[in-house]
Engineer: 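Below: one structure in structure tokens.
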There are 2 protein chains.
Amino acid sequence: MTASTHPEQPGPPPRRSDATRRAILAAARERFASDGYERATIRAIARDARIDPSMVMRYFGSKEGLFAAAVALDLRLPDLTGVPRDEVGRALVTHFLGLWEENEELTAVLRVGATNEAGAERMRGIFQEQLLPVARQACPDPEQVPARAALCAAQLLGLALTRYVLRLPPARALAREELVAWLGPTVQRYLTAPNP
Amino acid sequence: MTASTHPEQPGPPPRRSDATRRAILAAARERFASDGYERATIRAIARDARIDPSMVMRYFGSKEGLFAAAVALDLRLPDLTGVPRDEVGRALVTHFLGLWEENEELTAVLRVGATNEAGAERMRGIFQEQLLPVARQACPDPEQVPARAALCAAQLLGLALTRYVLRLPPARALAREELVAWLGPTVQRYLTAPNP
DNA sequence: AACGTAGGCCAACAAGTGTTGACTTCACTT
DNA sequence: AAGTGAAGTCAACACTTGTTGGCCTACGTT
């Protein structure tokens with residue numbers, strides 16, 4: 001441990017290659033979202049980013065490393081403490097729809113999660129660390145939180161699957177307000193209704 | 001057109017290779033279900049079936065041909081005309097759960113549908129040809145059938161996704177009766193409730 | 001018994017994959 | 001202005017993929 005060791009932890013020092021790194025990540029997100037993990041090739045991503053495939057390896061180590069870096073998923077789920085108790089369903093659905101519309105990373109993780117075991121593990125982590133805490137705020141009985149959160153996940157991911165991945169025409173035709181009106185009560189019930 | 005042309009249409013003539021064909025199809029279903037389209041290699045399927053990869057090509061032409069032959073999906077959806085009007089939701093969920101538990105083809109199509117455009121197209125076909133007619137029986141307004149069927153598909157496929165593909169622990173922990181009790185009313189509402 | 005044909009295996013191809021290492025070029029510090 | 005290290009390029013590697021054609025074997029018909 002000499003004085004030459006400089007701190008790297010807090011703020012990552014700006015590198016001259018940051019522009020390239022960002023280009024790679026953007027291209028990777030797009031390819032992973034539209035092609036899934038296996039068919040999104042490093043060569044295609046590099047071509048999109050207008051650099052050499054070896055740069056991808058240099059900066060991200062491997063294809064798995066690139067995927068991990070490309071989709072650092074934060075659902076930014078809203079704090080439900082300020083929301084009226086009978087509005088949490090609609091609030092969640094609204095938030096999810098906005099998220100999916102603007103963010104193609106979500107399609108990428110869902111596609112990869114359906115194909116790749118590592119991707120599935122990542123989705124389980126997202127569920128555990130991001131959806132569970134929110135469900136805890138809305139669900140009275142702590143014992144039942146995981147089950148009820150899983151029901152919500154099924155409904156919301158099913159919507160994403162049919163609308164953004166499988167692209168069922170009727171699922172795409174529904175307007176956002178309509179979806180909120182239909183799914184909101186469902187999610188609300190899964191979170192707050194008494195056991196059926 | 002000579003007399004030597006024998007009829008092939010009605011009953012496919014039994015071939016000596018039928019056992020092999022069945023072995024290939026069984027192995028293919030398993031691989032497609034667990035690995036998805038891209039990672040399920042013809043070589044691995046052939047190895048499982050204990051034959052040479054070239055036989056797969058001989059009998060099914062190509063990988064796409066094999067997939068098409070392996071998953072000839074028939075949901076065998078029940079006729080709802082005999083079911084009481086307020087029971088169709090529970091009936092559908094029950095049927096779906098039974099189907100998924102016993103049949104790994106469904107996991108295969110879902111996995112492939114999420115990855116592959118051809119697979120997605122196939123799922124759209126299944127929706128159109130198998131789910132829509134059933135929804136027509138339960139939904140009063142013909143105009144709204146596609147939208148309401150899409151909502152049901154979202155809920156049911158979301159359940160399959162979380163439970164059988166992503167394998168979220170809480171989604172797996174729920175018993176079948178519990179799932180029917182939770183999802184039945186949801187599907188029921190999507191099909192028969194007045195517009196929200 | 002001879003034969004035609006379908007079932008099956010082997011070896012190989014061309015294409016595409018992730019990944020590696022050596023080389024050149026550029027920007028910045030001293 | 002020289003030198004140092006990063007940024008970027010090129011070519012190749014080892015491997016896997018779907019797919020093909022030639023060859024041998026054994027059944028079923030005549």
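Proteins get letters first, then strands, A, B, ... in listed order; numbering begins at 1 in each.
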Engineer: In Å and rounded to the nearest 0.5 Å, what is the CG to CD distance from A:Asp79 to A:Gln137?
Structural biologist: 4.5 Å

Engineer: Tell me if the CD atom of A:Glu102 is crowded by more than 12 foreign heavy atoms within 6.0 Å.
Structural biologist: yes

Engineer: We want to know whether A:Thr162 and A:Arg167 form a side-chain donor-acceptor pair, criterion being a heavy-atom distance below 3.5 angstrom.
Structural biologist: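 The answer is no; no qualifying pair exists.
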
Engineer: Might you confirm whether atom CD of B:Gln128 has over 12 heavy atoms from other residues, nucleotides or ligands at distances under 6.0 Å?
Structural biologist: no

Engineer: If every non-hydrogen atom of B:Ala27 is compared with every non-hydrogen atom of B:Ile45, which pair is closest and at what distance?
Structural biologist: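 For B:Ala27 and B:Ile45, the tightest heavy-atom pair comes out as CB-O, 3.6 Å.
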
Engineer: In whole Å, I'd like the distance from the CG atom of B:Asp52 to the P atom of D:dC23.
Structural biologist: 16 Å

Engineer: Pick the nucleotide of DNA chain D nearest each of B:Arg16 and B:Ile42; which residue has the one closer to the 5' end?
Structural biologist: B:Ile42

Engineer: Any donor-acceptor pair under 3.5 Å between the side chain of B:Arg43 and the base of D:dG18?
Structural biologist: yes

Engineer: Could you tell me the separation between the CD atom of B:Glu38 and the P atom of D:dG18, rounded to a whole number of Å?
Structural biologist: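 These atoms are roughly 10 Å apart.
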
Engineer: Side-chain N or O of A:Thr20 versus OP1/OP2 of D:dG8: is the shortest distance under 4.0 Å?
Structural biologist: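 Affirmative; the distance criterion is met.
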
Engineer: Could you list by number each residue of residues 61-69 of chain A showing a heavy-atom separation from DNA chain D of less than 4.0 Å, or answer none if no residue does?
Structural biologist: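 Close to the strand, none.
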
Engineer: Hey, where on DNA chain C does chain A first and last touch, going 5' to 3'? Cut-off is any atom under 4.0 Å from a heavy atom.
Structural biologist: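 Endpoints of the contacted stretch of DNA chain C: C:dT17 to C:dA27.
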
Engineer: Looking for any heavy atom pair under 4.0 Å, which part of the strands does A:Tyr59 touch: base, sugar-phosphate only, or nothing?
Structural biologist: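 Sugar-phosphate: the residue A:Tyr59, judged by heavy atoms under 4.0 Å, touches backbone atoms but no base.
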
Engineer: If you measure from OG1 on B:Thr115 to CD on B:Glu38, what distance do you get to the nearest 0.5 Å?
Structural biologist: 6.0 Å

Engineer: Specify whether A:Tyr37 and A:Phe32 have parallel, tilted or perpendicular ring planes, treating 30° as the upper limit for parallel and 60° as the lower limit for perpendicular.
Structural biologist: parallel

Engineer: CE of B:Met55 versus P of D:dG21: gap in Å, rounded?
Structural biologist: 16 Å

Engineer: How many whole angstroms separate atom CZ of B:Arg31 from atom P of D:dG18?
Structural biologist: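 To the nearest whole Å, that distance equals 12 Å.
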
Engineer: Which residue, A:Arg50 or B:Arg47, contacts DNA chain D at a nucleotide closer to its 5' end, judged by nearest heavy atom?
Structural biologist: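 Its nearest nucleotide lies further toward 5', so the answer is A:Arg50.
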
Engineer: Return the value, rounded to whole Å, for the distance between atom CZ of A:Arg21 and atom P of D:dA6.
Structural biologist: 12 Å

Engineer: Using atom CZ of B:Arg58 as one end and atom C1' of D:dC23 as the other, report the distance to the nearest whole Å.
Structural biologist: 11 Å

Engineer: Check whether more than 12 heavy atoms from other residues, nucleotides or ligands sit under 6.0 Å from atom CD of B:Glu64, and answer yes or no.
Structural biologist: no

Engineer: Under 4.0 Å between a side-chain nitrogen and a carboxylate oxygen: does that hold for A:Glu117 and B:Arg39?
Structural biologist: no

